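Accompanying notes for the structure given below.
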Amino acid sequence: MAPTMTADDITVDAAHLRGLTAYGPGWALMWDGHDVFAATTDLADHGDVFEIIDHAGFTAIHDQYARHDQPDDPAAITTTIADITGQARTRLRQWPHTAQMMAATGPYTTALRPHGIHRHQASRPDADGRHITTDYRITPTGVTASITMPYAADSTAPITIAITGPHPGGRATHSVPTFTVTVPRQTPPAAVAALIAAAGGLPPTYRHRLPPRPRHRLSRNPPLHHRGTSRRPRVGRPRPRLGPHVARRPHPARHQPP
């Protein structure tokens, strides 16, 4: 459930920004209706808490005001704080509606995270007010993706997936999608995530998680050379090593009474 709050409740200070800088990418400043705190961005995927700004957004705003020779200039930090606080209070007025959209798109965002695909910003309504669009960053390939789905849970309208490739210079472009496909509304989030990962140029994640299979069964085909010796070890169950104080038991087949 989304927290109840007013626009004047959020106040970001320099300590919050220092903490966000220390944590790095994948973290964001959150508001739970009482306190501002830093947490991983997945905490806000389902609209349970209000996301003020993530690390990438803070870096972009700070770089606009900071001088290259003085990145910790007090004037730049003060301006950055005012900008972040003002934007958060503006978005907070629409938070009840945004929280409902985040709850609808949260399962898809959660399914995309194991592929290394992360939400770029909160979900937003389209111009018609009947669809929700969420943007994602595919960091390893520099590609961006978007999911547009119907706002109503009982709608039968399909889900639209759009992939936009990067510029040759490495910067992503948001102008014309290079790949667009529609899937049924009932498509499971895991299937949607796998389709986006494949279209975005990412290899299947399960191939990287399975350990390599050995060429032979080590218990029956041990290495031919071990510790510099060229003698071939015995094939079969390895014989346990016995200390000098342990007497070896005679083999029953070789020592039969007359």
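Please read these numbers as outputs of a predicted model, since none were measured by experiment.
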Exam field: side chain [X] to backbone [Y], donor-acceptor pair closer than 3.5 Å:
X: Asp13; Y: Ala15; value: yes
X: Arg91; Y: Phe50; value: no
X: Ser155; Y: Ala152; value: no

Quick one: are [X] and [Y] in side-chain contact, heavy atoms under 4.5 Å?
X: Asp126; Y: Ile132; answer: no
X: Arg185; Y: Pro158; answer: no
X: Val36; Y: Thr11; answer: no
X: Met149; Y: Tyr108; answer: yes
X: Tyr65; Y: Thr78; answer: no
X: Asp32; Y: Phe37; answer: yes
X: Pro150; Y: Arg130; answer: no
X: Gln87; Y: Ile61; answer: yes

Could I get the full list of side chain to side chain donor-acceptor pair (under 3.5 Å) partners for [X], not counting sequence neighbours?
X: His55; answer: none
X: Asp45; answer: Arg113, Arg119
X: Thr59; answer: none

Mind checking the [atom1]-[atom2] spacing from [X] to [Y]? Nearest 0.5 Å is all I need.
X: Thr160; Y: His131; atom1: OG1; atom2: NE2; value: 7.0 Å
X: Thr21; Y: Trp27; atom1: OG1; atom2: CH2; value: 13.0 Å
X: Ile159; Y: Thr182; atom1: CD1; atom2: OG1; value: 10.0 Å
X: Ile81; Y: Phe58; atom1: CD1; atom2: CZ; value: 8.5 Å
X: Ser146; Y: His120; atom1: OG; atom2: NE2; value: 11.5 Å
X: Leu43; Y: Asp48; atom1: CG; atom2: CG; value: 7.0 Å

Run Gln121 and Thr134 through side-chain contact (heavy atoms from CB on, under 4.5 Å) and show every step you take. CA-CA 7 Å; Gln121 58 186 0; Thr134 309; over 6 Å; no
Do [X] and [Y] have a side chain donor and acceptor closer than 3.5 Å?
X: Thr133; Y: Thr148; result: yes
X: Thr109; Y: Tyr136; result: yes
X: His46; Y: Thr110; result: yes

Which atom of Thr41 lies closest to which atom of Met30, heavy atoms considered: CA-CE, 3.8 Å
Which residues pass the side-chain contact (heavy atoms from CB on, under 4.5 Å) test with Ala75, sequence neighbours left out? Asp73
Expected list for residues 98-106: side-chain donor-acceptor pairs under 3.5 angstrom, two or more places apart:
| unit_1 | atom_1 | unit_2 | atom_2 | d |
| --- | --- | --- | --- | --- |
| Thr98 | OG1 | Gln94 | O | 3.0 |
| Gln100 | OE1 | Tyr151 | OH | 2.7 |
| Thr105 | OG1 | Met101 | O | 3.2 |
| Thr105 | OG1 | Ser123 | OG | 2.9 |

For atom CZ of Arg124, is the number of surrounding heavy atoms from other residues, nucleotides or ligands below 6.0 Å larger than 12? yes
Residue among Ile53, Leu29, Thr80, Leu20 satisfying side-chain contact (heavy atoms from CB on, under 4.5 Å) with Val12: Leu29
Using the side-chain contact (heavy atoms from CB on, under 4.5 Å) rule, take Ile196 and Ile163 through it: C-alpha gap first, then chi angles, then the decisive distance, then the call. CA-CA 8 Å; Ile196 293 177; Ile163 306 293; 4.1 Å; yes
Kindly indicate, with the supporting measurements, whether the criterion side-chain contact (heavy atoms from CB on, under 4.5 Å) is fulfilled by Ile138 and Thr144. CA-CA 6 Å; Ile138 308 179; Thr144 60; over 6 Å; no
What verdict does the side-chain contact (heavy atoms from CB on, under 4.5 Å) test give for Thr40 and Tyr23, after you've listed the backbone C-alpha separation in whole Å, the side-chain angles of each residue and the deciding distance to 0.1 Å? CA-CA 9 Å; Thr40 53; Tyr23 284 120; over 6 Å; no
Once salt bridge (charged side-chain N to carboxylate O under 4.0 Å, His left out) is applied, what residue pairs with a partner in residues 136-163 remain, sequence neighbours excluded? Asp54-Arg137
